[in-house]
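Let me begin by presenting the structure, written as structure tokens, before commenting on it.
FYI, the numbering just counts along the sequence from 1.
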Amino acid sequence: MVSKTDDIPATVPTSNTNDGAEEGETPGTRDTMKESLKDPCACGHSSDSTVMNGDGSHDHTEEAESKQEGGGDTDQGEDANEQEVIVIQDTGFTVKIQAPGTEPFDLQVSPQEMVQEIHQVLMDREDTCHRTCFSLQLDGNVLDNFAELKSIDGLQEGSLLKVVEEPYTVREARIHVRHIRDLLKSLDPSDAYNGVDCNSLSFLSVFTDGDLGESGKRKKGSELEQIDCTPPEHILPGSKERPLVPLQPQNKDWKPLQCLKVLTMSGWNPPPGNRKMHGDLMYLYLVTMEERHVSVTASTRGFYLNQSTTYTFNPKPANPSFLSHSLVELLSQISPTFKRNFTALQRKRVQRHPFERIATPFQVYSWTAPQVDHAMDCVRAEDAYTSRLGYEEHIPGQTRDWNEELQTTRELPRKNLPERLLRERAIFKVHSDFAAAATRGAMAVIDGNVMAINPGEDTRMQMFIWNNIFFSLGFDVRDHYRELGGDSAAHAAPTNDLNGVRAYGAVDVEGLYTLGTVVVDYRGYRVTAQSIIPGILEREQEQSVVYGSIDFGKTVVTHPKYLELLEKTSRPLKVQRHAVLNEKDEAVELCSSVECKGIVGNDGRHYILDLLRTFPPDLNFLTVEGEELSPESQRLGFPRPHRHRLACLRQELIEAFVEHRYLLFMKMAALQLMQHKASKEHKAGPPESQLALEEGGAAPASAESVPASAEGGAEVPPQAENASAEPEPPAAPPAEAAPPPAAANGSSALAATATENGECEGPLEGKEAEECIPGLAQAKELAEALAAEDGTGIDPRSREVVLNACKAVGSISLTSFDIRFNPDIFSPGVRFPDDSSEDILKQKQLLKDAAAFLLSCQIPSLVKDCLDHSALPMDGTTLTEALHQRGINIRYLGDVLDFVDKTPARVQLDHLYKIGISELITRCAKHIFKTYLQGVELSALSAAVSHFLNCFLSSFPDAVAHLPADELVSRRKNRRRRNRVPGGGDNTAWASLTPGELWKNIASEAQSYYHFTLHCESVDQAVERFGLQKITLLREISIKTGIQILIKEYNFDSRHKPTFTEEDILNIFPVVKHVNPKASDAFHFFQSGQAKVQQGFLKEGCELINEALNLFNNVYGAMHVEICACLRLLARLNYIMGDHQEALSNQQKAVLMSERVLGIEHPNTIQEYMHLALYCFANGQLSTALRLLYRARYLMLLVCGEDHPEMALLDSNIGLVLHGVMEYDLSLRFLENALAINSKYHGPRSLKVALSHHLVARVYESKAEFRSALQHEKDGYTIYKNQVGESHEKTQESSEYLKHLTQQAVALQRTMNEIYKNGSNASIMPLKFTAPSMASVLEQLNIINGIIFIPLSQKDLETLKAEVQRRQQLQEPGKSEEQPEDSQLELNDKLPVDD
């Protein structure tokens, strides 16, 4: 049985190493970013565009080798890796646990677990959750909390572990109170709304009524009668209202079961000395639901009632004292309501899916929230005023030394899989803790809760240290950036620096250290948080910098150790080693930009910082005297002025460009060889034999390796860098490109190549490319020969071929392909030695070519991917990701929109244009909002934000700000004068903003920053002109600026009163950027699993993906976007292999995780909801499937409106399910909408449209409206006939169905005539009207969702693969335009399907 899964690339291009993972090579870690994987003809710049930070991040050799023992032979590599995994997967065993007062119970454990993990399980279980202070004992011996279970003598299957209550300490008592408070709050969503403690929202359970698995067993059977299928009005096609309230449906579990009125620390704390000596640790004050006020002592033996009251201190035990080891046992004895409600609460808590309660690794903020009651909470109050961070008080030595933790985890060994897992888990954990601490600190700094280390200076110049983290504000404080653009440059530098940190971190060179870096935007300020290099605060910067320059290149120093370390990063980061002149005109060697500083810390580690120019400058936005850009750039009006001179190219662009040049290099060498070797041609053998060699993986230096240059060891093309060190199936085609999934013979599909000036030609299919460039195989052989023999024994002519090709593509070496960039070109103040002038010219040309490549290749490729729907951005975030993946910076957004506007198929890009425009408008508004907020004092914040939103979104023409002086009338005058904030001035200036002025500013910002002309002077004009939705604009601006608004229905269009009042603004959150450490091994397994699935080995694929899931869990814990992708793919495989129940369970996890980690209305979450609905339907849970689809449609309407190609798929799904439950009229509304959207976005002749016509015809048939049915089926038949020919099976099916419809119609007519003629005594033939069977509906659902079942033998499989390939090549080029290899799988029109 073979099936087409989602969007899994054939063999995921190997250039993507760990860091690319999240950005889009997982089969849609972001489903909206399928593009990179999906280009069936693998345009060269498509596959590699996925590389995020750091291609070849394992290239430095020792790691690549340790990674898989079988370095070159991918096959061994995979086995080796699988063996390693078996080592960790020791089988689990069961132990018995006996807790006081409960029956012994069994617990499944694994030998790797620590004893501590059993503690966690017990603190979570319903019957033992109230215990925190206990030890586990085996045969009377206390187990060490941090010991692994396998290291404990005598612990085996069936051992009995006893839970023994231990005496309390102050720390244990506090942990206990905190834990009890967490249990009481466990169903309360306020932490998720307030964005604290890594809580976030999830609403899936509202739509599935509890757990899917169980309800499936209960409700099976024909439940058609009870289903209420009518969707709410606002979800129906064509509805114009976009309500906000349904975004957060009321969860009935959240109605809090109150157990206690008050639980707080008593004012009598801490115990006086004499009581301390009686064992008193602290005092609590409680009010029970029965209004009983009690004072409780926490002592070493447990909790008991004492005789204190509010005003008299009497610590003697009350009578009775109810001494209990746990506070819950005490309260259950004195308050019946507590006992009842606490039990109910815990039962509910345990029933919730674990994924609804586990903390996420990074905080997710919600932009809407209901009005939550603010309840008394002692723990929260205490946390707010102590600088507790993470679990400070549990850690010896109080505050954490972040730098030491970050660097020590990097130094952990990484020779084998278990070591690497341990290391990656530690790195990930420290990073997420550091990001949380840095965010909290940055907010404290801006809120004024931290003392500056230079308090005497101007507020903008202040720096802060809090909790061992250094904070600085994004202003140009000492005219540091004066020549680069002042404050604008100071604002851009931190994000550039972060990208540099990310890139160096991904390359992961041993011995080279970067700082922990987090960039936080909060209340209009940008704060950079960094870990502190030991000793840097004691010295002046001049003394400590041993490499680089502290004054932008006037004085420069270098250091041999740094050169040696940075040399290792130069290949993966494409940085050229170069010399610059210092103030004495001496040449100084560098292997990075001059700003990059090397500092040796007091700990002896070599740190690099200020990595803001890791990547070369973007010449399209850098005007340089006397330099001409290439004609493509000039034609589009570049270079353009930009706010600052720090605009640099993205790493993804550099990767794509180098990849593109490599193909060019191979082509040129091949063409020259053909001219030289015309006579010897037959000896070289046809390309096929060459491929046979690669396929077997016999030669590590097959297509992957490229000549070695004298200076730099074996040079490898970018994508092949870790080709050899990756578990890849033997039939993997060479690394240049990902051929169509069915290419079994490994023919190297050469990617869309390029002419020298960087223009793209049309994409070529695998074989054709091979045939167009006849000398390609020889060129490869030659390249290999040069690599293998250092060039000796090769005839000079061949060497000249390589030399010419190298020169032509701008390689820095003349004996091999090697492109690197000098990041200091065009840096003001940097001078180069005279002897390198030729090299500098070459570098300048490369930069111009790269800038032109972005415009002439990458932007068109993005638009092409959107046209063929392999890229499906749905909102601002996913659009940004799609741009970044191809290396296009956001500053090009205006150019992308202009390009879309000029595209002939403009209508089919409507969705992209709309999303782009709303992104551009909200980004301009964000820029204005940032400076607007800086002038607002804290007490006026909500008024200022609501005023800004009114000016931005409300139709009310004269929005007037309410100055918030009303709360404290009398003191108002003097207060205003006294308080000044950073960047102060007249703090009521914000109140004078008007809608007209704001929109004028937005238009001028669009013009100056994006070079895009917005012809609109008000929000209503913008909505009218571009077809935007105000609710979508509100969502985008709120997410970008961190605003949280009250969830209620807003009237945007009233001309009589403003939309927002200050009561509607609930909070303002930070927007945080940080590095995402990756799980590399897990990712390699994931890729191999995908490749196996692609080749049709579902079982093996499934095993590998399961393995990847284990490893991901091992590194990231339970919650992470990559785990989400893994679960989605597993669910899909389970479904295809017929295990619907398992599919449902995995997909449920994927939905919950997507809601929690990405957000409840992230485009990814919408996709996950759709998949889950399909599996629910297959499981016979029809009403649940419908509710899920309605939810997905609501979210999609909110996020991007109805006019989006993905809406057609969603509506087809809804229509089909409604057809299945015999709601024909409703079904038609959705299916006809899907038909209209498909016709618009895929062109009226697309096979998708034919399928839509067929679905509509089926519903008309069920309604017995045969004329309409015939009309639609005829339209479908015509499309099939024109597109795939008469003999194609689809055309045949359609023509059969037409016959069937005609017979039905004739029979109906005959019956009607009979009735007319003979009146009531007509002999009527019973007509056969059948409701569609569930099986037939499911079959159609599978087809539109791109899943096809074909029972096949292995032999059929081989012939099928060959056949598919043949057909793909026969297809006329025009056809490939509308063949998204995507959700509505077109392949099904070309596969012999026998259902």
Side-chain angles (χ1 to χ4, degrees), residues 5-7 27-32 201-217 219-220 227 229 231 235 249 251 352-356 874 1109 1119 1121 1123-1196 1199 1206-1207 1209-1214 1216-1218 1220 1334 1337-1338 1341-1342 1344-1347 1383:
T5 33
D6 224 359
D7 20 68
T29 336
R30 311 261 194 272
D31 226 7
T32 32
L201 298 166
S202 159
F203 290 101
L204 176 64
S205 53
V206 179
F207 300 98
T208 55
D209 288 340
D211 204 335
L212 289 167
E214 293 146 34
S215 54
K217 296 187 192 75
K219 293 187 191 163
K220 249 197 170 140
I227 297 185
C229 308
I235 289 178
N251 191 332
R352 287 176 69 194
H353 196 285
F355 283 5
E356 291 181 61
M874 220 184 270
L1109 184 61
M1119 285 266 157
V1121 275
I1123 300 181
C1124 190
C1126 217
L1127 286 165
R1128 174 200 307 127
L1129 184 54
L1130 262 185
R1132 199 153 177 113
L1133 288 175
N1134 295 141
Y1135 181 68
I1136 289 160
M1137 288 154 72
D1139 188 349
H1140 293 179
Q1141 200 58 46
E1142 190 62 20
L1144 203 53
S1145 152
N1146 280 327
Q1147 187 59 33
Q1148 178 190 14
K1149 290 179 191 159
V1151 176
L1152 286 169
M1153 198 171 298
S1154 184
E1155 287 194 306
R1156 296 282 321 279
V1157 181
L1158 293 169
I1160 52 175
E1161 75 307 2
H1162 190 282
N1164 228 52
T1165 309
I1166 300 175
Q1167 301 266 356
E1168 304 296 8
Y1169 263 102
M1170 286 163 66
H1171 293 311
L1172 184 61
L1174 172 66
Y1175 308 151
C1176 274
F1177 186 88
N1179 255 333
Q1181 301 176 24
L1182 310 188
S1183 51
T1184 306
L1186 262 179
R1187 282 202 301 271
L1188 294 169
L1189 287 168
Y1190 288 157
R1191 170 70 170 172
R1193 191 171 208 277
Y1194 166 73
L1195 294 175
M1196 202 152 154
V1199 168
E1206 195 71 350
M1207 192 54 98
L1209 175 61
L1210 185 47
D1211 282 356
S1212 304
N1213 273 304
I1214 296 178
L1216 273 168
V1217 177
L1218 286 168
M1334 284 304 145
V1337 173
L1338 186 58
L1341 275 172
N1342 287 334
I1344 62 169
N1345 287 294
I1347 298 178
S1383 35

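The two residues Arg1156 and Phe355 come nearest to each other via the heavy atoms NH1-O, 2.8 Å. For the pair Val1199 and Glu1161, the tightest heavy-atom approach, listed with the atom from each and the gap, is CG2-O, 3.3 Å. Nearest heavy-atom pair across Thr1165 and Gly1159 is OG1-O, 2.8 Å. The shortest non-hydrogen separation linking Cys1124 to Met1153 is N-SD, 3.7 Å. Of all heavy-atom pairs spanning Leu1158 and Val1121, the tightest one is CD2-CG1, 3.3 Å. Listed here is the closest heavy atom pair of Val1337 and Gly1220: CG2-CA, 3.8 Å.
For the atom pair CG of Leu1209 and CE of Met1196, the computed distance is 8.0 Å after rounding to the nearest 0.5 Å. To the nearest 0.5 angstrom, Leu1188 atom CG is 8.0 Å from Phe207 atom CZ. Interatomic distance, Leu1152 CG to Leu204 CG, rounded to the nearest 0.5 Å: 5.0 Å. For the atom pair Tyr1190 OH and Leu1195 CG, the distance stands at 15.0 Å (nearest 0.5 Å). Here the CZ-CG distance, from Arg1128 to Leu1172, works out to 12.5 Å after rounding to the nearest 0.5 Å. The line from CD1 of Ile1136 to CG of Asp1139 is 12.0 Å long, rounded to the nearest 0.5 Å.
A tilted orientation is assigned to the rings of Tyr1175 and Tyr1135, their planes being inclined by 30° to 60°.
No side-chain heavy atom of Leu1144 sits less than 4.5 Å from a side-chain heavy atom of Gln1148. Between Arg1191 and Pro249 the shortest side-chain heavy-atom distance falls below 4.5 Å.
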Check the pair Leu1182 / Met1334 against side chain to side chain contact (heavy atoms under 4.5 Å, CB included), numbers first and verdict last. CA-CA 10 Å; Leu1182 310 188; Met1334 284 304 145; 3.8 Å; yes
Given the rule in the side chain to side chain contact (heavy atoms under 4.5 Å, CB included) test, do Leu1130 and Lys1149 qualify, once you have shown the distances and angles that lead to the verdict? CA-CA 11 Å; Leu1130 262 185; Lys1149 290 179 191 159; over 6 Å; no
Start with the C-alpha distance between Tyr1169 and Glu1155, add both sets of side-chain angles, then the distance that settles side chain to side chain contact (heavy atoms under 4.5 Å, CB included), and finish with yes or no. CA-CA 10 Å; Tyr1169 263 102; Glu1155 287 194 306; 2.9 Å; yes
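By the side-chain hydrogen bond (donor to acceptor under 3.5 Å, both in side chains) test, Arg1193 pairs with Glu1202, Asp1211, sequence neighbours left out.
Evaluated for a side-chain contact (heavy atoms from CB on, under 4.5 Å) with Arg1132, the options Leu1174, Ile1347, Leu1127, Asn1146 yield exactly one hit, Ile1347.
In this structure, Glu356 contributes its side chain and Ser202 its backbone to no donor-acceptor pair below 3.5 Å. In terms of modelled atom types and a separation under 3.5 Å, the side chain of Glu1206 and the main chain of Met874 share no donor-acceptor contact. Checked by atom type and distance alone, the side chain of Thr208 never pairs as donor or acceptor with a backbone atom of Thr1184 at under 3.5 Å.
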